[in-house]
Amino acid sequence: MPEPDVQADDVLVKVHAAGVNVLDSKIRNGEFKLLLPYRLPLILGNDVAGVVIRVGPNVRRFKPGDEVYARPPAQRIGAFAEMIAMDEKAVAHKPAALSMEEAASLPLVALTAWQVLVERAKLEKGQKVLIHAGSGGVGTVAIQLAKHLGAFVATTTSAANADWVKRLGADVVIDYNQDDFAQVLQGYDVVLNSLGADVLEKSLQVLKPGGKLISISGPPDPEFAKQIGASWFMRQVMRLLSHRIRKQAQRRGVSYSFLFMEANGDQLRALGPLIDAGVIAPVIDRIFPFASTNEAMAYLDKGRAKGKVVIKMG
């Protein structure tokens, strides 16, 4: 491939490591083509850490030689490569405490956790939050962030991971093979859902009146359609897709919303001190060499990874 074009506000980064996400598989499989109309063939990769090698004329925050990490903007992904160009607004200096591989594991999941818990849920000290799939990429960071915010945290995972997610900060762990979380938990303020429709609908039962169900796995809602400037037709499609869950939420006196995480260098900067202080620690399951990118994605697709899967260049 040719070297990426560097626009006026861009930094060109030599990639040292890239995080692998479920989102990469969903894009590859066409599951998000309603939301992300990518044209294939396409370089995947939504998480990156590396070194700045060139900057556009308008760039003020970065210079060649800076170690950085980022979630590239959705329309300019491509971390599974030797180089990537990104708008500087998406980029932040790499936390000093982290290796390149650790840094590459964090942007997408840390930004997702931040945007759900801090921005959307406005989670406060003493509130109760249920984080589904606590041993996954988003779950491991969301548990740590929720504890830092002073919340009481419940999570779902398999029995094998129970002690481990407790060490991350979970107060209550539900083994999804043994127990029905909707029977065990009640009076929660927030649920972060990353699983399918059955779990989504059941999650309404654990919320108290005024509670918030925030889903990162869909279905997209009319508010999201408005946010992305979707066409009239697409707005109707998203209204229909989320009609059932929104109606059920309304009947219970709670709210449903869909969140699609956005690139945000300022939020990564805000997370930096928490990461350097060890409040949020990266959790990596396996590191694959760049040549084994397909194997890395296949491994993640099995759904058994504890934390993140990372690709290392060179």
Side-chain angles (χ1 to χ4, degrees), residues 22-23 25-26 29-35 109 112-113 115-117 119-123 127-139 142-143 146 151-159 161-162 165 170-228 230 234-261 301 303:
V22 173
L23 178 59
S25 298
K26 289 189 171 183
N29 298 344
E31 288 178 45
F32 267 142
K33 59 187 172 196
L34 273 179
L35 312 182
V109 292
T112 302
Q115 289 170 21
V116 170
L117 300 176
E119 303 274 303
R120 182 75 57 91
K122 297 184 171 36
L123 192 65
Q127 287 191 315
K128 291 162 76 175
V129 59
L130 165 59
I131 294 162
H132 282 298
S135 60
V138 172
I143 290 169
F152 179 90
V153 181
T155 193
T156 55
T157 190
S158 64
N161 294 329
V165 293
D171 298 289
V172 173
V173 181
I174 309 289
D175 172 6
Y176 60 73
N177 292 312
Q178 292 292 320
D179 298 307
D180 178 351
F181 70 89
Q183 302 294 316
V184 183
L185 308 173
Q186 64 263 316
Y188 275 66
D189 299 278
V190 179
V191 177
L192 163 49
N193 176 62
S194 54
L195 302 170
D198 50 338
V199 172
L200 185 70
E201 292 185 10
K202 253 196 207 172
S203 294
L204 294 170
Q205 298 170 37
V206 311
L207 287 167
K208 66 184 192 190
K212 296 171 184 166
L213 170 55
I214 302 166
S215 179
I216 59 172
S217 54
D221 58 357
E223 198 49 47
F224 172 73
K226 206 158 74 180
Q227 181 192 325
I228 62 167
M234 285 308 303
R235 289 203 302 273
Q236 304 318 308
V237 169
M238 292 184 197
R239 185 179 299 281
L240 278 171
L241 286 171
S242 60
H243 177 77
R244 178 184 165 103
I245 189 71
R246 286 185 295 112
K247 270 277 165 280
Q248 288 177 320
Q250 210 175 358
R251 279 202 294 272
R252 288 183 165 270
V254 299
S255 69
Y256 167 77
S257 65
F258 168 70
L259 184 134
F260 188 79
M261 190 279 304
D301 288 344

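The figures that follow rest on heavy atoms only: side chains count, while hydrogens, waters and symmetry mates do not. It should be emphasised that the depicted structure is a prediction, and the values quoted were computed from it without experimental measurement.
- Side-chain contact between Ser255 and Leu213: absent, with no pair of heavy atoms (C-beta onward) separated by less than 4.5 Å.
- Pairing each heavy atom of Gly211 with each of Val254, the nearest pair is O-CB, 3.3 Å.
- In terms of modelled atom types and a separation under 3.5 Å, the side chain of Arg120 and the main chain of Gln115 share no donor-acceptor contact.
- Note that the OH atom of Tyr256 and the NZ atom of Lys247 stand 14.5 Å from one another [nearest 0.5 Å].
- Asp175 places a side-chain N or O within donor-acceptor distance of the main-chain N or O of Asn177, the cut-off being under 3.5 Å.
- Taking the side chain as every heavy atom from C-beta outward, Val129 and Val191 never approach each other to under 4.5 Å.
- When all heavy atoms are compared, the tightest approach of Ala133 to Thr155 is C-OG1, 4.3 Å.
- Between Val165 and Ile143 the shortest side-chain heavy-atom distance falls below 4.5 Å.
- For Lys26 (side chain) and Phe32 (main-chain N/O), no donor-acceptor pair under 3.5 Å exists by modelled atom type.
- Contact annotation: the side chain of Asp189 never approaches that of Leu207 to less than 4.5 Å [non-hydrogen atoms, C-beta and beyond].
- The shortest distance between side-chain heavy atoms of Ser215 and Leu200 falls below 4.5 Å.
- Between Ser217 and Leu195 the shortest side-chain heavy-atom distance does not fall below 4.5 Å.
- Each ring pair (Phe, Tyr, Trp, His ring centres under 6.0 Å) pair with one or both residues in residues 187-227, not counting sequence neighbours, appears once here: Phe224-Phe258.
- Shown here for Asp301 and Ser25, the closest heavy-atom pair between the two residues is OD1-OG, 2.5 Å.
- Counting only N and O atoms by type, the side chains of Gln205 and Lys202 include no donor and acceptor under 3.5 Å apart.
- Residues meeting the side-chain contact (heavy atoms from CB on, under 4.5 Å) test with Gln183, sequence neighbours left out: Asp180.
- Checked against side-chain contact (heavy atoms from CB on, under 4.5 Å), Pro222 has the following partners two or more places apart in sequence or in another chain: Arg239, Ser242, Arg246.
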(message) If you apply the rule side-chain contact (heavy atoms from CB on, under 4.5 Å), what do you find for Met238 with Ile228, and how did you get there?
(response) CA-CA 12 Å; Met238 292 184 197; Ile228 62 167; 4.0 Å; yes
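- Listed by first and then second residue, the ring pair (Phe, Tyr, Trp, His ring centres under 6.0 Å) pairs involving residues 192-215 amount to none (not counting sequence neighbours).
- Taken from NE2 in His243 to CD in Gln248, the straight-line distance is 10.0 Å, to the nearest 0.5 Å.
- Every residue two or more places apart in sequence or in another chain was checked for a ring pair (Phe, Tyr, Trp, His ring centres under 6.0 Å) with Tyr176, and none qualifies.
- In this structure, Ala182 and Val206 approach most closely via the heavy-atom pair CA-CG1, 3.8 Å.
- Contacts classified as side-chain hydrogen bond (donor to acceptor under 3.5 Å, both in side chains) and involving residues 127-137 (residues at least two apart or in different chains) are given here: His132-Thr156, His132-Ser203, Ser135-Thr157, Ser135-Asn161.
- Taking 4.5 Å as the limit, every side-chain heavy atom of Asp221 sits out of range of all side-chain heavy atoms of Leu241.
- Side-chain atoms of Gln186 and Lys208, non-hydrogen and from C-beta on, never get closer than 4.5 Å to each other.
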